[in-house]
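First the structure, then my questions, so here it is.
Just so we're on the same page: letters track the sequence lines, and every chain starts at 1. Predicted model, so just to flag it, every value in this text is computed and none were measured.
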Protein chains: 2
Amino acid sequence: MAANSRLTTAVHALAWMALASRRGREVMTSEEIAASLATNPVIVRRSLGELRAAGLVVSRRGAGAGWSLTREPAAITVLEVHEALGAEPLFALHPGTPNLECPVGQGIRPVLTEVYAAADAAVRRELAGHTIADVLAQTLASQETP
Amino acid sequence: MAANSRLTTAVHALAWMALASRRGREVMTSEEIAASLATNPVIVRRSLGELRAAGLVVSRRGAGAGWSLTREPAAITVLEVHEALGAEPLFALHPGTPNLECPVGQGIRPVLTEVYAAADAAVRRELAGHTIADVLAQTLASQETP
DNA sequence: ACGTGTTGTAACAAGAAGTGTTACGATCGG
DNA sequence: CCGATCGTAACACTTCTTGTTACAACACGT
């Protein structure tokens, strides 16, 4: 369970909200969203709470409250979701400082930092190429062939 | 401490072995390598053990034993190191199965699998563009300007 | 104004993974 | 045969993620 499934949770929730919105249901409760994910409503609130901080969704309290998208699904990229969740670097440098008396230990960190940044940028470019609308369309398309 | 520093450890070790090899020291003990990383020899043996399984290094036991590269540093890409360490997927799908009665829950998994695979491929392309020799050269170059 | 439904959060448990340490058997060169 | 070194198991510690329960804050309808 090491790898992050948080992006999956968030994208699924947004796609589900996008579909409901298209059907006229603009507001959804965390419980309804959790039902689609087969998980706990608190998980949904936590995830969507981060997306709200990034401005992708809004929530209203009180009776008849819930969550809504703030934009068209076609205007939300998976990259934005990823960053809203506090994207962590793919790779980390040494846990502690390496031996600086060694030529490699002294100079390798900036080099690896650059390599890792390039890999990170590549992931971002890839995620930026998909929107919530794309994901939803492909999800529904895969079910039209019985 | 969430992110993987294993790639850093392994690349650092290989670069250090490459430098030593260039200086005539073909065999290094895990203790010498650990000294450059400022960590425990067992950490090094664990990392290099995975690289040995991938054929990137060899080890010899007994007195005067240690580790050696099996190829020129210019022929080892960072991608190979990454894969030798058992590269895990960047993102995971749902921890459990989502609700299959929901159209999104039913169809989203293959869609996300594709998106994640594309991101993975992008990282691999990036890492394939750097070799141990590159990393070592850049590491040493950064120290020539006092 | 009240009651109800929902969010917002805190607290906690369980599990997984990474890092580091100690210990000890296995192996090989001299 | 001895000593150095690998190979590996066992363990502790930390951090992260997921999931759960609990409860206060809040807002809408009546």
Side-chain angles (χ1 to χ4, degrees), chain A residues 1-10 12-13 17 25-53 57-68 82 85-99, chain B residues 1-10 12-13 17 25-53 57-68 82 85-99:
Chain A
M1 196 210 292
N4 265 13
S5 68
R6 285 159 69 208
L7 184 58
T8 293
T9 299
H12 183 149
M17 289 168 72
R25 299 231 24 210
E26 293 291 345
V27 174
M28 298 196 79
T29 68
S30 60
E31 194 159 358
E32 290 171 312
I33 298 170
S36 171
L37 283 155
T39 185
N40 196 290
V42 176
I43 300 291
V44 174
R45 293 206 283 265
R46 280 209 282 246
S47 277
L48 293 188
E50 299 189 76
L51 302 189
R52 180 188 50 215
V57 299
V58 290
S59 65
R60 267 197 11 249
R61 291 183 168 198
W67 303 80
S68 316
H82 179 232
L85 295 176
E88 286 182 12
L90 269 46
F91 306 108
L93 293 182
H94 310 70
T97 48
N99 186 347
Chain B
M1 196 209 297
N4 264 14
S5 68
R6 285 160 69 208
L7 184 58
T8 293
T9 298
H12 182 150
M17 289 168 71
R25 300 231 23 211
E26 294 292 345
V27 174
M28 298 196 78
T29 68
S30 59
E31 193 159 356
E32 289 170 313
I33 298 169
S36 171
L37 283 156
T39 185
N40 195 289
V42 176
I43 301 291
V44 174
R45 293 206 283 265
R46 280 208 282 246
S47 277
L48 293 188
E50 299 189 76
L51 302 189
R52 179 188 50 216
V57 299
V58 290
S59 66
R60 266 198 11 248
R61 290 182 169 199
W67 302 82
S68 316
H82 179 232
L85 295 175
E88 286 182 10
L90 270 46
F91 307 108
L93 292 183
H94 310 70
T97 48
N99 185 347

Quiz item: In whole Å, what is the span from the CG atom of A/Leu51 to the P atom of C/dT7?
Solution: 14 Å
Self-check item: A/Arg25: partners by salt bridge (Lys or Arg N to Asp or Glu O under 4.0 Å), with sequence neighbours left out
Solution: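 For A/Arg25, the residues satisfying salt bridge (Lys or Arg N to Asp or Glu O under 4.0 Å) (neighbours in sequence not counted) are A/Glu32.
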Practice problem: Quick one: list whatever passes side-chain contact (heavy atoms from CB on, under 4.5 Å) with B/Ser36, sequence neighbours left out. | Solution: A/Cys102, B/His12, B/Trp16
Quiz item: Side-chain N or O of A/Thr39 less than 4.0 angstrom from OP1 or OP2 on D/dG19?
Solution: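 So the side chain of A/Thr39 is within the cut-off, an N or O lying under 4.0 Å from OP1 or OP2 of D/dG19.
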Exercise. Would you kindly give the CG-to-P distance between A/Leu48 and C/dT7, to the nearest whole Å?
Key: 9 Å
Quiz item: Which nucleotide, C/dG18, C/dT21, D/dT18, lies nearest any side-chain atom of B/Arg6?
Solution: C/dG18
Exercise. Sequence neighbours left out, what passes salt bridge (Lys or Arg N to Asp or Glu O under 4.0 Å) with A/Glu50? Give chain and number order.
Key: A/Arg6
Practice problem: Round to a whole Å and report the spacing from CD1 of A/Ile43 to P of D/dT17. | Solution: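 One finds 11 Å between P of D/dT17 and CD1 of A/Ile43, rounded.
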Quiz item: Does B/Arg46 have any side-chain hydrogen bond (donor to acceptor under 3.5 Å, both in side chains) partners at least two apart in sequence or in another chain, and if so, which?
Solution: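 Here no residue qualifies.
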Quiz item: Can you check the A/His94 NE2 to C/dG18 C1' distance for me, whole Å?
Solution: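 Going from NE2 in A/His94 over to C1' in C/dG18 covers 15 Å.
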Quiz item: Listed by chain and number, what are the side-chain contact (heavy atoms from CB on, under 4.5 Å) partners of A/Arg61, not counting sequence neighbours?
Solution: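 For A/Arg61 there are no side-chain contact (heavy atoms from CB on, under 4.5 Å) partners, ignoring immediate neighbours.
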Practice problem: Give the rounded distance in Å between these two atoms: NE2 of A/His12 and P of D/dT18. | Solution: 15 Å
Quiz item: Which of the following nucleotides, C/dT7, D/dT18, D/dC6, is nearest to the side chain of B/Arg52?
Solution: D/dC6
Quiz item: Can you find a side chain N or O atom of A/Asn4 that sits less than 4.0 Å from OP1 or OP2 on D/dC16?
Solution: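 So the side chain of A/Asn4 is outside the cut-off, no N or O lying under 4.0 Å from OP1 or OP2 of D/dC16.
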Quiz prompt | Value in whole Å for how far the P atom of D/dC16 lies from CD of B/Glu88 | solution =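 Rounded to whole Å, this separation is 16 Å.
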Quiz item: Has A/Thr29 got a side-chain N or O lying under 4.0 Å from the OP1 or OP2 atom of C/dT6?
Solution: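 It does not, given that no N or O in the side chain of A/Thr29 lies less than 4.0 Å from OP1 or OP2 of C/dT6.
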Practice problem: Ignoring backbone atoms, establish whether A/Ser59 has a side-chain N or O less than 4.0 Å from OP1 or OP2 of C/dG8. | Solution: yes
Quiz prompt | Shortest non-hydrogen contact between B/Ser68 and B/Val27, atoms and distance | solution = OG-CG2, 3.4 Å
Quiz prompt | Whole-Å gap separating C1' (D/dC16) and CZ (A/Arg46) | solution = 12 Å
Exercise. Give one of base, sugar-phosphate or nothing for B/Gly49, where a contact means two heavy atoms less than 4.0 Å apart.
Key: nothing
Practice problem: If a protein heavy atom is under 4.0 Å from the base, mark B; if only from the sugar-phosphate, S; if neither, -; do that for nucleotides 22-30 of chain C going 5' to 3'. | Solution: BB--BBBS-
Quiz item: Does A/His94 offer a backbone N or O that forms a donor-acceptor pair with the side chain of B/Thr8 under 3.5 Å?
Solution: no
